Amino acid sequence: MPYTYSRPTVFPELATDDVYNGLLDAINVQEPPTGIKTNGYNYGAKLPREYHNWYGRTTCNWLLYTDERITTILTSKTTQDADNYFRSQW
């Protein structure tokens, strides 16, 4: 029997606002360097909070974007409207 998922009521928001930390002289969100995004972390490396916050914020933004698009498609008046909308996005 397939499991059906209920639509979540909240998005996994993290670090939605930029906050300056005067003690560390840094903003709470920073995009990791390309090498880390491509290869990940080496064994034993510590994940800086700024990178974790960037990942959380970016993930939430993509989920919100995807949800908006899916909602638009599902609430279209006809299948053709939904098909036209989807094709126009690519």
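Small disclaimer: the values here were computed from a predicted structure and weren't measured.
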Return a table of donor-acceptor pairs under 3.5 angstrom between the side chains of residues 15-30 and protein atoms on other chains or two or more places apart.
residue	atom	partner	partner atom	Å
D18	OD1	R57	NH1	3.0
D18	OD1	R57	NH2	3.0
Y20	OH	D25	OD1	2.4
N21	OD1	L23	N	3.0
N21	OD1	L24	N	3.2
N28	OD1	V19	N	2.7
N28	ND2	D17	O	3.1

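Listed by first then second residue, pairs satisfying ring pair (Phe, Tyr, Trp, His ring centres under 6.0 Å) with a partner in residues 21-64 read W62-Y65, not counting sequence neighbours.
For E31, the side chain to side chain donor-acceptor pair (under 3.5 Å) partners are K37, not counting sequence neighbours. For N61, the side chain to side chain donor-acceptor pair (under 3.5 Å) criterion is met by no residue, not counting sequence neighbours.
Nearest approach of C60 to P12, heavy atoms of both residues: CB-O, 3.7 Å.
Hydrophobic clustering, defined by side-chain heavy atoms of Ile, Leu, Val, Met, Phe, Trp and Tyr closer than 4.5 Å, leaves L14 isolated from every other such residue.
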